[in-house]
Each structure stands twice: as structure tokens, then as C-alpha cells.
Amino acid sequence: FWSRLAGAGWAVWFYLYKAVLPLNLSFVYPRWRIDASQALAYVPGLLVVAGLLVCWWFRRRWGKALLFGLGYFVLMLLPILGFLNIYFMRYSLVADHWQYFAIIGPIALAAAGMTVTLGTVQSPKSKVQSQESPSPRPSPLRKGRGGSLLRATCYGAVVLGLGVLTWRQARTYTNLETLWVATLDRNPAAGLAHNNLGTLLLQRGQVGDAITHFQQALVLQPHAADVHSNLGSALLQQGRVAEAITHFRQAIQIQPDSMLAYNNLGNALLQQGHVDEAIAAFQKAADLRPSLATARQNLGGALLRAERVDEAMAQLRRALELQPGLAGAHESLGNALLSKGEVNEAMAHFQQAVALQPG
């Protein structure tokens, strides 16, 4: 609790800083290490409280607007200051997109401050005004073309500056590759970015590059089950089956309910010819997620290799009920039917497999 309390103070100032100066933004920021035993860790939080108390003390004068704007800001940040468990906080305690609602407070304060300073709007006059109370004298900035030009220049500079920053930041989100590359450029220790970029490269067939990123992710997060599983998949594609199995087993040891790890382990064991062990792994994957068609397809294929044809057909038919477009399931079911002499039905499934994957 004390670590979270101290971190909350740091987070408030971080978000306010990024709201005022949106520079060096990153999708994943380095994760802070907060020592709750150090008194200095609580200074930022105490400064937040002190600032709000000062605004409250002067609420009859200049503090009212600040109290409302900054109070709203802190209040809207409360759910993401670390007091609630959020999965992403495994990687970073802060994220730019978490302050989308809170940032309205500083924006409103800035807009109101510019309005008052540059005198673009006069206070509305009462319909019935005492003759003894003359109208307030307008600010010199409200007079003449010079004032209008100054206002237009200031407002235009703000809009142009923020527009350029928005354009630059938007390029980061062109696609997943630009997002993760930009994240690693600004935060090389972002294990999440290494893992996700590796996954993207693996899907493209750039197995060697993917393995490099997965290995870097493991250095940063040695107990991440998903990274072990992804690295094992990449190694399996390179034919390094024994190494892949080691990583799949590590993933299962870290996260015993990892369906992905069990499914991948089954594929690796099947390549080594350990059919019974592969069947057990696929069965575990199917039990963990009964609605996953690919797990049942793999289980059916392994059962077919073990010549347990009826069991294989049951799993393959269930896979096709869940996902009719699985060409591999149609092919395996066709082979199972062919082994039982049901040639016409087998041909129908082979034709569906060819239609789904003409190559």
C-alpha cells in the first residue's frame, strides 16, 4: 500500500508534466522502482496535497479556478494511480492514454488563463446595473487592431505547435511495427515491445529477427510465460525442437494454465515422434479452452497418428463445428474417413480443404 501511495504522487506530477509539455511521449514508459521506506518517496504526493490546500485557502480569490481544474484532474486520475490492479502496470506504472479524461482539467485552465490574460471575453453585464457602479475598464489588450493581432498570433501559435506535435506523434501509430519500433527507440528496456515486435516479425517469416527480440524480452522479463512460449514457437520453426520444448515447459511451469504453451508443446512433441505425450499436451490445451478449434484440430491429428480413428474423428468434427474454415481439420477428417473406407465423405472434406487453401 505504501509503495502505491508514494507512486501515486509521482504519477500525478508525471501526468501534469506530459499534459503541459507533451514531449518524448512513449507507448510504454520505464517502470519506476519506488522504495516506500524512503521518506523522499512521499514528497511528490505531499506537494500535491499542499497545492490543493493552498488553492482551497485562497478559493475566495485566485485559487477557485485552480482548485476546480486541478482537483478535477487529480480526481479523474484516481482509478489509474496504482491503487487498483491493472495488468499493464506489469510493464509501466503510467500510460499517456490513461489521462484522456483527466487532461480536460489542465486544458480548461489553460484556455481560461489565455482568455483572461489576452482579454478576449468581457464579463457579461447585468441587465440592471446601478448607475453608481461604472463598467469595469477594458484591458488594453482588448483595444484596437494591435490587441486582435496579438491574440490571433498567440492562439495560432498554440494551435500550430500542438498540431505539429500531434502529427509527429500520430506517425508512431501508422501500424504495429512503427508503434513497437518507436517504443523501443524511446524505451529500449520495454520487454512488452520486444515481445510484440518479435511476434509481428514471426508472423512475417522473419524468424531470426523474431528470436533476437524474444531473447531480449526474456532478459528483461525472465518469468514471462508468453515470451517463453513465443520463443519456443520461433525455435520450432527453425527446427530447434529440443530448445523449443525447453521453453514451452518453462512457460507451463510459470503459468500452468497457459493453453498456448500446451498447444505448442504438443506440436513440438509430435515432431519428435512422442505421439502419446503430444496427445496429452493437446488434450490439456483443449480442456483449458474447449472453444478453441485449433487445439481440437491438433488433438484430432495426433489421435489419428496414434490410429485412434474414432476419437480423432470426434475431435475433428467438433473443431469444424467451432470453426468450419479450418482446412487442416477437413484434410485430417478426410484421412480418418478414408481409413474407414468412407470414400465419398472423405472426398467431400478433401474438396473443402482444397477450396479453402487452393495451393
Just wondering, more than 12 heavy atoms not from [X] lying within 6.0 Å of its [atom1]?
X	atom1	value
F83	CZ	yes
R171	CZ	yes
Q253	CD	no
R90	CZ	yes

[Y] and [X], any side-chain heavy atoms less than 4.5 Å apart:
X	Y	result
V227	H247	no
L40	V43	yes
N195	H213	no
T172	T178	no
Y100	D96	no
F101	L77	no
H349	L320	yes
L93	F14	no

| task | Taking N263 for its side chain and A285 for its backbone only, find out whether a donor-acceptor pair lies under 3.5 Å. | result |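 No; judged by distance alone, with no hydrogens or angles, the pair does not exist.
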| said: Using only atom types and a distance under 3.5 Å, with no angle test, would you say the side chain of S332 pairs donor to acceptor with the backbone of A329? | reply: no
| task | Evaluate the side-chain contact (heavy atoms from CB on, under 4.5 Å) criterion for residues L67 and F58: first the C-alpha distance (whole Å), next the side-chain angles of each, then the deciding distance (0.1 Å), finally the verdict. | result | CA-CA 9 Å; L67 179 64; F58 291 100; over 6 Å; no
Interatomic distance, [X] atom [atom1] to [Y] atom [atom2] [nearest 0.5 angstrom]:
X	Y	atom1	atom2	answer
F214	L197	CZ	CG	9.0 Å
S26	Q169	OG	CD	8.5 Å
L303	D276	CG	CG	9.5 Å
W32	W10	CH2	CH2	8.0 Å
T117	R151	OG1	CZ	12.5 Å
L338	L333	CG	CG	11.0 Å

| Partner residues of R4 under the salt bridge (Lys or Arg N to Asp or Glu O under 4.0 Å) criterion, sequence neighbours left out | none
| said: With a 4.0 Å cut-off on N to O distance, would you call E277 and R249 a salt bridge? | reply: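 The answer is yes: the pair qualifies as a salt bridge.
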| query | In terms of side-chain geometry, is the basic nitrogen of E311 or R296 positioned less than 4.0 Å from the acidic oxygen of its partner? | reply | no
Mind checking side chain to side chain contact (heavy atoms under 4.5 Å, CB included) for [X] and listing every partner two or more places apart, or none if nothing turns up?
X	answer
N335	L304, E331, F350
A244	L235, L236, F248
R204	E177, L200, Q206

| task | Identify the heavy atoms of A306 and V275 that sit nearest to each other, and give their distance. | result | CB-CG1, 3.9 Å
| field | W13/V48 under side-chain contact (heavy atoms from CB on, under 4.5 Å): CA gap, chis, key distance, verdict | value | CA-CA 8 Å; W13 289 109; V48 172; 3.2 Å; yes
| task | Could you check whether the rings of F27 and H97 sit parallel, tilted or perpendicular, using 30° and 60° as the cut-offs? | result |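 Geometry flag for H97 against F27: parallel rings.
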| Angle class for the Y72/F68 ring planes (parallel below 30°, perpendicular above 60°, tilted otherwise)? |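 Because their plane-to-plane angle is under 30°, the rings of Y72 and F68 count as parallel.
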| said: Give me each pair satisfying salt bridge (charged side-chain N to carboxylate O under 4.0 Å, His left out) with a member in residues 225-247, each pair once, sequence neighbours excluded. | reply: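 Qualifying pairs, neighbours excluded: R240-E243.
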| request: Give every residue pair that meets the salt bridge (charged side-chain N to carboxylate O under 4.0 Å, His left out) criterion with at least one member in residues 22-41, sequence neighbours excluded. | output: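 Matches after skipping sequence neighbours: none remain.
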| query | Run the salt bridge (charged side-chain N to carboxylate O under 4.0 Å, His left out) check on E345 and R317 step by step: do they pass? | reply | CA-CA 13 Å; E345 191 178 352; R317 290 190 191 279; 3.1 Å; yes
| request: Take D287 and Q283 through the side-chain hydrogen bond (donor to acceptor under 3.5 Å, both in side chains) test and state the conclusion after the steps. | output: CA-CA 6 Å; D287 291 342; Q283 184 66 64; 3.0 Å; yes
| Taking it one step at a time, do Y15 and W98 satisfy ring pair (Phe, Tyr, Trp, His ring centres under 6.0 Å)? | CA-CA 9 Å; Y15 286 122; W98 286 347; 7.4 Å; no
